[in-house]
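Take a look at the structure below.
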Amino acid sequence: MKTFVFATNNTHKLEEVSQILGNKINVLSLSDIKCYEDIPETADTLEGNALLKARYIHEKFDYPCFADDTGLEVEALNNAPGVYSARYAGEAHDAKANMNKLLHEMQGQENRKARFRTVIALIMDNKEYLFEGIINGSIITEERGGAGFGYDPVFIPDGYIQTFAELGNDIKNKISHRAQAVQQLTSFLSTIPE
């Protein structure tokens with residue numbers, strides 16, 4: 001089984017990606033490789049941030065690795081918070097504060113269209129690859145549901161009447177932006193000889 005480092009300090013993402021991957025590949029966390037640094041995310045695109053994180057681990061630890069960056073892009077807010085989704089309300093990465101700011105910014109907005117976008121950067125055999133997943137939906141006016149993380153309680157994916165936080169991980173992990181990007185990653189890896 002192929003082993004890769006997933007370059008994230010976000011335990012929710014690690015758990016989610018591990019569930020989506022099942023036993024297709026062996027995933028190591030940053031703590032598994034004794035990396036405790038806060039990897040800088042200074043790019044102004046999701047692709048740029050995902051590559052920054054993957055390159056950092058690859059250069060420093062010489063593991064095949066992948067990293068993701070995810071953004072919530074809200075049409076009425078010119079695709080904000082986008083690349084700043086995790087720190088929309090400040091550098092503290094406070095999910096509740098981010099959600100409150102988003103709901104405040106969306107007050108009175110008729111256009112509630114939004115999408116989650118995930119970009120995964122993979123570095124393997126000194127080559128870089130990008131995979132993208134997108135799910136369209138809308139922002140509701142109040143939080144609903146207790147599952148998931150981040151903006152999940154205020155995002156309803158198209159074709160559903162419940163938020164990601166109400167749908168729960170089993171459904172979310174089949175349809176989400178991250179699930180789509182991870183599926184592309186695993187499809188690609190399955191074409192590589194052992």
Side-chain angles (χ1 to χ4, degrees), residues 1-39 41 46-47 49-72 85-86 93 95 115-137 145-153 155 157-160 162-194:
M1 190 187 292
K2 299 179 185 85
T3 297
F4 291 85
V5 174
F6 180 23
T8 184
N9 283 311
N10 184 323
T11 53
H12 295 296
K13 278 188 188 180
L14 187 61
E15 206 173 278
E16 192 171 280
V17 167
S18 296
Q19 282 175 358
I20 295 166
L21 286 169
N23 56 5
K24 294 185 182 95
I25 66 173
N26 183 34
V27 178
L28 298 177
S29 69
L30 291 179
S31 60
D32 288 335
I33 63 165
K34 311 231 178 320
C35 174
Y36 302 106
E37 294 101 280
D38 204 13
I39 303 169
E41 295 180 55
L46 299 176
E47 293 82 357
N49 277 338
L51 281 165
L52 276 176
K53 291 185 275 190
R55 286 172 183 156
Y56 183 92
I57 294 305
H58 187 257
E59 286 162 16
K60 214 161 178 188
F61 295 89
D62 199 30
Y63 273 100
C65 63
F66 64 94
D68 89 314
D69 200 22
T70 295
L72 174 66
S85 293
H93 293 87
R115 68 180 191 170
F116 271 117
R117 194 161 69 91
T118 290
V119 176
I120 292 178
L122 168 71
I123 300 181
M124 186 176 79
D125 301 325
N126 293 315
K127 292 193 182 106
E128 297 179 347
Y129 307 89
L130 290 173
F131 308 93
E132 181 183 59
I134 293 173
I135 188 159
N136 294 305
F149 62 99
Y151 297 93
D152 288 355
F155 181 84
D158 285 353
Y160 291 82
Q162 294 174 299
T163 66
F164 267 164
E166 292 173 305
L167 287 170
N169 291 340
D170 286 348
I171 294 174
K172 181 189 173 189
N173 289 347
K174 286 187 179 83
I175 66 169
S176 78
H177 46 295
R178 193 169 290 110
Q180 293 174 37
V182 170
Q183 293 303 341
Q184 290 175 36
L185 171 70
T186 50
S187 295
F188 172 77
L189 291 175
S190 69
T191 67
I192 309 287
E194 288 290 338

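Remember, predicted model here, so these are calculated numbers, not experimental data.
Q19 pairs by the side-chain hydrogen bond (donor to acceptor under 3.5 Å, both in side chains) definition with N173, not counting sequence neighbours. Annotation: salt bridge (Lys or Arg N to Asp or Glu O under 4.0 Å) contacts of R178 (sequence neighbours excluded): E16, D68.
Looking at L52 and I39, their side chains never come closer than 4.5 Å, going by heavy atoms from C-beta outward. Two residues are said to be in side-chain contact when any heavy atoms from C-beta on lie closer than 4.5 Å; Y36 and S31 meet this criterion. Side-chain contact check for V17 versus T8: every heavy-atom pair is 4.5 Å or farther apart. In this structure, R55 and I123 have side chains that are in contact, with non-hydrogen atoms separated by less than 4.5 Å. Using a 4.5 Å heavy-atom cutoff, the side chains of T118 and Q180 are not in contact.
Just one residue in the list Y151, F149, F155 forms a ring-ring contact (aromatic ring centres under 6.0 Å, His included) with F164, and that residue is F155. When each of L122, L46, V119, L185 is tested with L130 by the rule side chain to side chain contact (heavy atoms under 4.5 Å, CB included), just one qualifies, namely V119.
Contact between K174 and D170 at its shortest, heavy atoms only, is CG-O, 3.5 Å. Closest of all the heavy-atom pairs between I57 and A7 is CG1-CB, 3.6 Å. The minimum heavy-atom distance between I33 and F61, with the atom names listed, is O-CE2, 3.6 Å. Smallest separation of non-hydrogen atoms from A54 and A121: CB-O, 3.9 Å. Taking each heavy atom of G133 and A181 in turn, the nearest pair found is N-CB, 3.7 Å. Here the shortest heavy-atom pairing between A67 and A50 reads CB-O, 3.5 Å.
Taking CG of N26 as the start and CZ of F4 as the end, the distance is 10.0 Å to the nearest 0.5 Å. To the nearest 0.5 Å, the span separating OH on Y63 from CG on L30 amounts to 11.0 Å. Note: I171 CD1 to E166 CD = 11.0 Å, rounded to the nearest 0.5 Å. For the atom pair L72 CG and R115 CZ, the distance stands at 10.5 Å (nearest 0.5 Å). In this structure, NZ on K13 lies 4.5 Å from OG1 on T70, to the nearest 0.5 angstrom. Once rounded to the nearest 0.5 Å, the distance linking CG of L51 with CZ of F66 reads 14.0 Å.
Between the side chain of Q162 and the backbone N or O of L167 there is no donor-acceptor pair closer than 3.5 Å. Side-chain atoms of K2 come within 3.5 Å of backbone N or O of L189 as a donor-acceptor pair. Under a 3.5 Å cut-off, the side chain of S190 and the backbone N or O of S187 do form a donor-acceptor pair.
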Subject >> side-chain contact (heavy atoms from CB on, under 4.5 Å) assessment of F116 paired with D152 >> reply: CA-CA 10 Å; F116 271 117; D152 288 355; 4.2 Å; yes
Subject >> side-chain contact (heavy atoms from CB on, under 4.5 Å) between H58 and N126, worked out >> reply: CA-CA 9 Å; H58 187 257; N126 293 315; 3.0 Å; yes
